[in-house]
> 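Could you have a look at this structure, given as C-alpha cells, before my questions?
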Amino acid sequence: MRDTPPPTAALTTDHAPAPRPGDSYVQSFARGLEVIRSFSAAAPQQTLSEVAARTGLTRAGARRILLTLQTLGYVQSDGKLFRLTPRILDLGFAYLSSMPMWNLAESAMEQLAEQVQESCSAAVLDGADIVYVLRVSTHKIMSIGLGTGSRLPAYCTSMGRVLLAGLPEDEARALLDAHPRPTHTRHTLTDVDALMARVQKARSQGWALVDQELEEGLISVAVPITDRQGRVIAALNVSGKANRTSARVMQAEFLPPLLLAARQISALLAGR
C-alpha cells in the first residue's frame, strides 16, 4: 500500500464535490477554503494570478480572500508571492486535538513499528482519499514524503480498501465510480468491479494487502480500527519495501501483530 505530508498533487484524488449552495451554504467561506487548499507541495507559493487560476476566482475575489487570510495571520506575502504561514496548522491540529483516540493509538503504533521494524500509519477516509492522522516511520519507504495530513487515493492503498470495506457496498462503489483511478504502476487495479472484489475480500477477511499498486517496490497491509459499535472509523497499516518484505512475509509475520495493535487501539477507544 502506499502513503503522503501536506498533499502531493500528483497522487491525490479529486476532492468530493462541493455541496450545492443553499440557505446554509456560506459561499465566501467555501471560497476561502479553496484558496487555502490551492497551496500544496507543488505550489508552496503563488502569485495572485496563480491563486485565481487555481481556484476559478476572479483576481479581485482572490485578492480579497488572500488579504483577509493575511490579516488573520494564515498567509504572508512579499508583495508578489503569497505563502501559507505555520498558523495554518492550527486548523488541522484542531481536528487531531478533538480526537483523543490518536493519543491513545500512538503508543501502540510505536510498539508495533519497533516490533516489525517497518513504518506504521493510521488514516481515515475523506471522500475518495485516505488522510494520514498518525505515522510512525522507521524508513523512508516512498519517493514522496509522508506525514500527518497527507492524502492518498483510497482505491490503490491497503488502508483505503479497508476503509472502503467499512462502507455499505453501494456507497463504496459509488465513490470508486465517481473519482479518477489513474494507473500508477503496472500492478495498479483500476477496474471498479475488480476493485470491489478486493474491497469485499478485505471486508470478509478483516484486512487488506496491496502490493506495489501505488508505487513500485512499496507493499503494505492494513486492518480496521473500530468504535464501540464495531463500526470502522480508521485504518492501521504496516508498510515496507517489497525487496526486503514480500507479500508472504508481510502476511505471515506482520499481520498478526498488526491485528493485535488494532484490537488494542479499538479497545482503548471503546473504554474496554
Side-chain angles (χ1 to χ4, degrees), residues 1-16 40-42 113 116 118-167 172-173 175-202 207-224 234-251 254-255 258:
M1 117 137 248
R2 287 119 172 249
D3 315 330
T4 108
T8 302
L11 290 179
T12 55
T13 59
D14 290 352
H15 295 293
S40 67
V116 301
E118 293 289 3
S119 299
C120 175
S121 305
V124 295
L125 191 66
D126 182 27
D129 290 345
I130 61 169
V131 180
Y132 281 74
V133 292
L134 197 59
R135 179 165 172 77
V136 179
S137 181
T138 58
H139 308 280
K140 182 177 179 182
I141 59 168
M142 292 192 70
S143 60
I144 57 175
L146 291 174
T148 301
S150 299
R151 305 176 73 95
L152 288 175
Y155 74 96
C156 58
T157 58
S158 62
M159 288 194 289
R161 289 182 185 169
V162 162
L163 291 166
L164 288 170
L167 300 176
R173 179 178 286 274
L175 271 177
L176 292 173
D177 270 327
H179 292 83
R181 302 175 301 280
T183 299
H184 296 291
T185 76
R186 57 194 173 92
H187 305 286
T188 309
L189 285 181
T190 59
D191 177 74
V192 171
D193 288 335
L195 287 168
M196 284 303 301
R198 297 296 177 91
V199 168
Q200 290 159 4
K201 183 178 180 181
W207 54 275
L209 189 148
V210 171
D211 192 351
Q212 305 182 75
E213 292 194 42
L214 183 60
E215 185 174 292
E216 292 285 351
L218 184 65
I219 183 170
S220 72
V221 60
V223 298
L236 185 70
N237 90 329
V238 170
S239 50
K241 285 292 188 179
N243 61 3
R244 65 171 180 262
T245 309
S246 66
R248 180 186 60 79
V249 170
M250 185 76 75
Q251 182 176 341
F254 295 174
L255 180 58
L258 178 63

> So, the side chain of Gln212 versus the backbone of Gly217: is there a donor-acceptor pair under 3.5 Å, distance only?
yes

> Keeping the roles fixed (side chain from Arg161, backbone from Met159), state whether a donor-acceptor pair exists under 3.5 Å.
no

> Compare all side-chain heavy atoms of Glu118 with those of Arg244 and state whether any distance is below 4.5 angstrom.
yes

> Name all residues meeting the salt bridge (charged side-chain N to carboxylate O under 4.0 Å, His left out) criterion together with Arg186; count only those two or more places apart in sequence or in a different chain, and write none if there are none.
Glu216

> Any idea which heavy atoms bring Asp211 and Ala242 closest together, and the distance?
OD1-CB, 4.5 Å

> I'd like to check Thr188 versus Tyr155 (side-chain heavy atoms, cut-off strictly below 4.5 Å). Are they in contact?
yes

> Give a yes or no on whether the backbone of His187 and the side-chain of Thr185 come within a donor-acceptor separation of less than 3.5 Å.
yes

> Working to the nearest 0.5 angstrom, can you tell me the gap between His184 NE2 and Thr190 OG1?
10.0 Å

> Could you tell me if the side chain of Leu258 sits less than 4.5 Å from the side chain of Leu236, heavy atoms only?
yes

> What's the spacing between Arg198 CZ and Asp191 CG if we round to 0.5 Å?
11.0 Å

> Heavy-atom distance under 4.5 Å between the side chains of Ser119 and Arg135, does that happen here?
yes

> Return the OG to CZ distance between Ser239 and Phe254, rounded to the nearest 0.5 Å.
10.0 Å

> To the nearest 0.5 Å, tell me how far Lys241 NZ sits from Ile219 CD1.
11.5 Å

> How many angstroms lie between atom OG1 of Thr157 and atom CD1 of Ile130, to the nearest 0.5 angstrom?
3.5 Å

> State, to 0.1 Å, how close Ala235 and Val162 come at their nearest heavy-atom pair, and which atoms those are.
CB-CG1, 4.1 Å

> Working to the nearest 0.5 angstrom, can you tell me the gap between Leu167 CG and Leu125 CG?
6.0 Å

> Does a side-chain heavy-atom distance below 4.5 Å link Trp207 with Leu255?
yes

> Check whether Asn237 reaches the backbone of Val221 with its side chain - one donor and one acceptor, N or O, closer than 3.5 Å.
no

> With a 4.5 Å limit on heavy-atom distance, are the side chains of Arg181 and Cys156 in contact?
no

> Kindly determine whether Leu164 and Leu175 satisfy side chain to side chain contact (heavy atoms under 4.5 Å, CB included), including the steps that lead there.
CA-CA 9 Å; Leu164 288 170; Leu175 271 177; 4.0 Å; yes

> Residues two or more places apart in sequence or in another chain: which of them pass salt bridge (charged side-chain N to carboxylate O under 4.0 Å, His left out) with Arg173?
Asp193

> Looking at Ser158 and Ala208, what are the two nearest heavy atoms and their distance?
CB-O, 3.5 Å

